[in-house]
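Okay, so here's the structure we're looking at.
Treat the numbers as computed from the prediction; the structure is a model and nothing was measured. For the numbers below, each heavy atom of this structure counts, side chains included, while hydrogens, waters and symmetry mates do not.
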Amino acid sequence: MLKEGDKAPVFKGLNQDEKEISLNDFTGKKVILYFYPKDNTPGCTAESCNLSESYDELTAKGFEVIGVSPDSIASHQKFIAKHSLRFNLIADTEKEILQQYDAWGLKKMYGKEYMGVLRKTFIIDENGIIIKIFEKVKTKDHTNQILSELDQ
């Protein structure tokens with residue numbers, strides 16, 4: 001299990017434009033790496049739109065925002081177009097990045113257990129160190145949740 005203070009695993013994946021994105025592309029910048037279950041579902045849309053609406057504020061503070069889900073590139077393209085999202089979404093269809101970041105695991109709903117995406121956000125500093133992990137994400141107010149935690 002990853003914990004705060006660990007070196008963030010270097011990931012590589014294709015974004016909505018079929019361009020390879022790697023953590024190494026963001027050396028010297030802070031990264032908000034968030035994992036979400038599915039494009040165009042209520043909680044995931046709320047979380048993504050909240051981060052997108054605050055994108056200027058986040059980039060002014062030196063952050064890059066990257067979303068990861070197991071959805072396809074085509075799904076990400078539609079999600080971005082529909083909601084005017086302003087950052088990269090990685091299509092992790094093979095669940096490799098999800099597994100690297102312990103964001104794929106056992107979930108329960110209505111008494112049934114199944115494997116799925118665990119909604120998590122990792123804040124990675126300029127040197128690639130995980131400085132904060134959010135395991136209980138406030139989807140409608142995630143930007144404030146992140147900024148208030150980091151201001152402490």
Can you list the steps and then say if Leu2 with Phe122 is a side-chain contact (heavy atoms from CB on, under 4.5 Å)?
CA-CA 10 Å; Leu2 292 172; Phe122 292 80; 4.1 Å; yes
Ion pair Glu47/Arg119, N-O distance below 4.0 Å
yes
Under the salt bridge (Lys or Arg N to Asp or Glu O under 4.0 Å) definition, can you give me all pairs with a residue in residues 99-108, not counting sequence neighbours?
Lys108-Glu113
Nearest non-hydrogen partners of Ser69 and Pro37, listed with the distance:
CB-O, 4.2 Å
Check side chain to side chain contact (heavy atoms under 4.5 Å, CB included) between Asn24 and all other residues, then give those that pass, not counting sequence neighbours.
Val10, Ser22
Between Leu118 and Tyr114, is there shared hydrophobic-cluster membership here, with clusters defined by ILVMFWY side-chain heavy atoms closer than 4.5 Å?
no
Interatomic distance, Trp104 atom CH2 to Lys95 atom NZ [nearest 0.5 angstrom]:
4.5 Å
So Phe11 and Leu33, side-chain contact (heavy atoms from CB on, under 4.5 Å) or not? Walk me through it.
CA-CA 11 Å; Phe11 62 81; Leu33 181 66; 3.8 Å; yes
Taking the side chain as every heavy atom from C-beta outward, state whether Ile32 and Thr121 have any pair of such atoms under 4.5 Å apart.
yes
Is there a donor-acceptor contact under 3.5 Å linking the side chains of Tyr34 and Ser48?
yes
Glu4: partners by salt bridge (charged side-chain N to carboxylate O under 4.0 Å, His left out), with sequence neighbours left out:
Lys132
Between Lys136 (side chain) and Lys120 (backbone), is there a donor-acceptor pair under 3.5 Å?
no
Sole residue of Ile97, Val68, Ile90, Leu89 in side chain to side chain contact (heavy atoms under 4.5 Å, CB included) with Ile21:
Ile90
Could you tell me how the ring of Phe35 sits relative to the ring of Tyr101: parallel (under 30°), tilted (30 to 60°) or perpendicular (over 60°)?
tilted
Minimal non-hydrogen separation, Leu58 against Leu51, with atom names:
CD1-O, 3.9 Å
Would the distance check show the side chain of Gln145 and the main-chain N or O of Lys138 forming a donor-acceptor pair, the cut-off being under 3.5 Å?
yes
Is the side chain of Asp71 donor-acceptor paired with the backbone N or O of Ser75 at a distance under 3.5 Å, no angle test?
no
For Lys30, I'd like to know if atom NZ has over 12 heavy atoms of other residues, nucleotides or ligands within 6.0 Å.
yes
By salt bridge (charged side-chain N to carboxylate O under 4.0 Å, His left out), which residues pair with Asp39, not counting sequence neighbours?
none
Over all atoms of both residues, closest heavy-atom pair of Ala8 and Leu23:
CB-CD2, 3.8 Å
Which atom pairs, one a donor and one an acceptor, fall under 3.5 Å between side chains of residues 123-131 and the rest of the protein, sequence neighbours left out?
residue: Asp125; atom: OD1; partner: Asn127; partner atom: N; Å: 2.9
residue: Asp125; atom: OD1; partner: Gly128; partner atom: N; Å: 3.1
residue: Asp125; atom: OD1; partner: Ile129; partner atom: N; Å: 2.9

For the side chain of Thr59 and the backbone of Asp56, is there at least one donor-acceptor N/O pair under 3.5 Å apart?
yes
Taking all non-hydrogen atoms of both residues into account, name the closest pair between Val117 and Pro70 and its distance.
CG2-CD, 3.5 Å
Steps toward side-chain contact (heavy atoms from CB on, under 4.5 Å) verdict (Leu85, Phe79)
CA-CA 8 Å; Leu85 302 180; Phe79 189 43; 3.7 Å; yes
Side chain to side chain contact (heavy atoms under 4.5 Å, CB included) against Glu94, all qualifying residues, sequence neighbours excluded:
Glu96
If you measure from NZ on Lys78 to OG on Ser72, what distance do you get to the nearest 0.5 Å?
7.0 Å
Are Val65 and Leu147 co-members of a hydrophobic cluster defined by side-chain heavy atoms under 4.5 Å apart?
yes
Would you say Leu98 and Met115 are hydrophobically clustered, going by side-chain heavy atoms of ILVMFWY under 4.5 Å?
yes
The criterion is side-chain hydrogen bond (donor to acceptor under 3.5 Å, both in side chains); which residues satisfy it with Thr143, sequence neighbours excluded?
Asn50, Ser54
Residue pair Asn88 / His76, side-chain donor-acceptor N/O under 3.5 Å:
no
Test of understanding: with side chain to side chain contact (heavy atoms under 4.5 Å, CB included), list the residues that count as partners of Lys140, not counting sequence neighbours.
Ala46
Ring pair (Phe, Tyr, Trp, His ring centres under 6.0 Å) contacts touching residues 41-69 (sequence neighbours left out):
none
With sequence neighbours left out, what residues match Asp6 under salt bridge (charged side-chain N to carboxylate O under 4.0 Å, His left out)?
Lys3
Consider only side-chain heavy atoms of I, L, V, M, F, W and Y, link residues closer than 4.5 Å, and tell whether Phe87 and Ile146 are in one cluster.
yes
If the condition is side chain to side chain contact (heavy atoms under 4.5 Å, CB included), which residues does Leu14 pass it with, not counting sequence neighbours?
Glu20, Ile73
Test of understanding: with ring-ring contact (aromatic ring centres under 6.0 Å, His included), list the residues that count as partners of Phe134, not counting sequence neighbours.
His142
